[in-house]
A.B. asks: 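Below: one structure in structure tokens.
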Number of protein chains: 2
Amino acid sequence: MNLKAERGAATRDRVLTVARRLFAEQGYEGTSIETVLQETGLSRGALYHHYSGKDALFEAVLEQVETSVGVRLMEAVKGIADPAEALVTGCLAWVRMARDPATRRIVLIDAPAVLGWERWRALEERHAFGMLKAALRATGRVPKEALDVYAHMLLAAINESVLLVARGNELEGAERAVEDFLHRLLRP
Amino acid sequence: MNLKAERGAATRDRVLTVARRLFAEQGYEGTSIETVLQETGLSRGALYHHYSGKDALFEAVLEQVETSVGVRLMEAVKGIADPAEALVTGCLAWVRMARDPATRRIVLIDAPAVLGWERWRALEERHAFGMLKAALRATGRVPKEALDVYAHMLLAAINESVLLVARGNELEGAERAVEDFLHRLLRP
DNA sequence: CCTCCAAACAAACCGACTGTCGGTCTGGAA
DNA sequence: TTCCAGACCGACAGTCGGTTTGTTTGGAGG
């Protein structure tokens, strides 16, 4: 049962790669399953055998993107002892990562609308948001009953600055603003 | 040319009311033009005569909601002299307003995905975001070159807290968090 | 080696949906 | 009275997401 499993995995991977590109370029609504089929050379039945629907396919793509972001984020902060510094470094790393239009469009724009806020948050909790919350807790600068709200607001603010950068504003300005924003919030 | 113009305006209004309810209840994707036609009793041709497409209809609905929010926001802060206090009061008013699920779904969840970030921002600039930026400028607590980024991040953070409240967390906690968040940011 | 099941894929098909197009009706200007 | 533009109609084309039915094939069990 090896050849078959591998073939299946390879197919899923092919679909994921194509779908990721299309979702990034044209958004969720703008990409049709039809196009995914054309570009992968797959049949309808094959695709629906692996993914139960368009939204499930999107979720799989999102999961892949978030995982990749998480890995790179861990690399960026590893070795930093001071929690506050790690938090700032991590946030700035995310800002730089999200210059990739694919990440922006999929993670920040379409995900909440496609999955609904609940499912979106549940997924985020397992990835970037979970890491942010842990980092914020480690700084000890925020009362623990407000930790959740703070983490949410902070991530939202940072994500917004990412989208702002994408609009054309220069990256450095936004980076400085994010840093300043964080410092203001984390002052004792 | 009065009766005709009035009839047209009345029709647009009827469509807008129905569409607003449907978009709020089922989201953009979950709402079909078909249903709008059924519930308004209008014909396809008539609707497409007034609105060029589904997204244009959504934009019109969004415009209406934002305008209504803007008006109520102005009322909430009128008579408050201190800029910082007006800012806080306005933000809290918005938090309370956005308890309405229709507002949340349309303005915060679907709008960016449907219109795209650019068109969404342009529209927001003419409404709540414009007001927030002006209020923030008036406080004089933020260097003017960082004003735009700050305003964006701030609004995003507040909007996020609104969605958090909607998830079930009690309102008062979020209100306190927003207030605290603002005070931390606006400290000299 | 043969049998047989389940995973992988194919293709016809379905209902629902969006947007278009030619055409009708009518208020009101000329 | 004529005539046009705006309001409205409804059939239709094309697309899309998803289902169903059928075919191939790897590999586990006898």
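Lettering of chains follows the sequences in order, A, B, ..., and the numbering in each one begins at 1. On a predicted model such as this, the values are computed, not experimentally measured, just so you know.
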A.B. asks: D:dA7 phosphate, OP1 or OP2: any side-chain N/O from B:H49 under 4.0 angstrom?
C.D. replies: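 True: B:H49 side-chain N/O within range (under 4.0 Å) of D:dA7 OP1/OP2.
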
A.B. asks: Taking the minimum atom-to-atom distance to the side chain of A:Y48, which one of D:dG10, C:dC9, D:dT19 wins?
C.D. replies: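 Nearest to the side-chain atoms of A:Y48, counting from C-beta on, is D:dT19.
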
A.B. asks: In terms of side-chain geometry, is the basic nitrogen of A:E34 or A:R44 positioned less than 4.0 Å from the acidic oxygen of its partner?
C.D. replies: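 Salt bridge present between A:E34 and A:R44.
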
A.B. asks: Whole-Å distance between C:dG19 P and B:L57 CG?
C.D. replies: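 So the two atoms are 10 Å apart, to the nearest Å.
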
A.B. asks: The test is salt bridge (Lys or Arg N to Asp or Glu O under 4.0 Å); show your working for A:E125 and A:R121 and say whether it passes.
C.D. replies: CA-CA 6 Å; A:E125 194 98 28; A:R121 268 310 176 200; over 6 Å; no

A.B. asks: Could you state the atom-to-atom distance from CG of A:L37 to P of C:dA12 in whole Å?
C.D. replies: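 Going from CG in A:L37 over to P in C:dA12 covers 14 Å.
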
A.B. asks: Which is more 5' along DNA chain D, the nucleotide nearest B:R44 or the one nearest A:D55? Just name the residue.
C.D. replies: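 Looking at DNA chain D, the more 5' nearest nucleotide goes with B:R44.
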
A.B. asks: Measure from CG on B:L42 to P on D:dG10 and round the result to the nearest Å.
C.D. replies: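 Going from CG in B:L42 over to P in D:dG10 covers 10 Å.
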
A.B. asks: Measure up the A:F23 and A:Y28 rings against each other and bin them: parallel (under 30°), tilted (30 to 60°), perpendicular (over 60°).
C.D. replies: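 Ring orientation, 0 to 90° scale: parallel.
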
A.B. asks: Taking only the side-chain nitrogens and oxygens of B:S32, find out if one of them lies under 4.0 Å from OP1 or OP2 of C:dC17.
C.D. replies: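 For C:dC17, OP1 or OP2 has a side-chain N or O of B:S32 closer than 4.0 Å.
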
A.B. asks: What is the separation between atom CD on B:E6 and atom P on C:dT26, rounded to the nearest whole Å?
C.D. replies: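 Roughly 18 Å, once rounded to whole Å.
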
A.B. asks: Atom CD of A:Q38 and atom P of C:dA11: how far apart are they, to the nearest Å?
C.D. replies: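 Going from A:Q38 (CD) to C:dA11 (P), I get 14 Å.
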
A.B. asks: Does a side-chain N or O of B:H50 approach OP1 or OP2 of D:dG6 to a distance below 4.0 Å, or not?
C.D. replies: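 Checking B:H50 against D:dG6: no side-chain N or O falls below 4.0 Å of OP1 or OP2.
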
A.B. asks: Send over the distance from A:L47 CG to C:dA7 C1', rounded to a whole Å.
C.D. replies: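 Whole-Å distance recorded here is 16 Å.
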
A.B. asks: Does OP1 or OP2 of C:dC9 have a side-chain N or O of A:T11 closer than 4.0 Å?
C.D. replies: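 For C:dC9, OP1 or OP2 has a side-chain N or O of A:T11 closer than 4.0 Å.
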
A.B. asks: Using a heavy-atom cut-off of 4.0 Å across all strands, would you classify B:T31 as base, sugar-phosphate, or nothing?
C.D. replies: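 If one applies the 4.0 Å heavy-atom cut-off, B:T31 turns out to touch the sugar-phosphate alone, with no base involved.
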
A.B. asks: Please work out if B:E34 contacts a base, only the sugar-phosphate, or nothing of the nucleic acid, heavy-atom cut-off 4.0 Å.
C.D. replies: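 The answer is base, as B:E34 lies within the cut-off (heavy atoms under 4.0 Å) of a base atom.
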
A.B. asks: From CD1 of A:I33 over to P of C:dC13, roughly how many Å is that when rounded to an integer?
C.D. replies: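 Atom CD1 in A:I33 sits about 21 Å away from atom P in C:dC13.
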
A.B. asks: Would you tell me whether A:D180 and B:Y150 have side-chain atoms, one donor and one acceptor, within less than 3.5 Å of each other?
C.D. replies: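 Result is yes, a qualifying pair exists.
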
A.B. asks: Using heavy atoms to find the nearest nucleotide of DNA chain C for B:R7 and B:S52 separately, return the residue whose nucleotide is more 5′.
C.D. replies: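 Result of the comparison: B:S52.
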
A.B. asks: Assess whether a salt bridge exists between B:R105 and B:E25, defined as any Lys/Arg side-chain N lying under 4.0 Å from an Asp/Glu carboxylate O.
C.D. replies: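 Salt bridge absent between B:R105 and B:E25.
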
A.B. asks: Expressed as a whole number of angstroms, how long is the span from B:Q26:CD to C:dC17:P?
C.D. replies: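 Spelled out: CD on B:Q26 to P on C:dC17 is 11 Å.
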
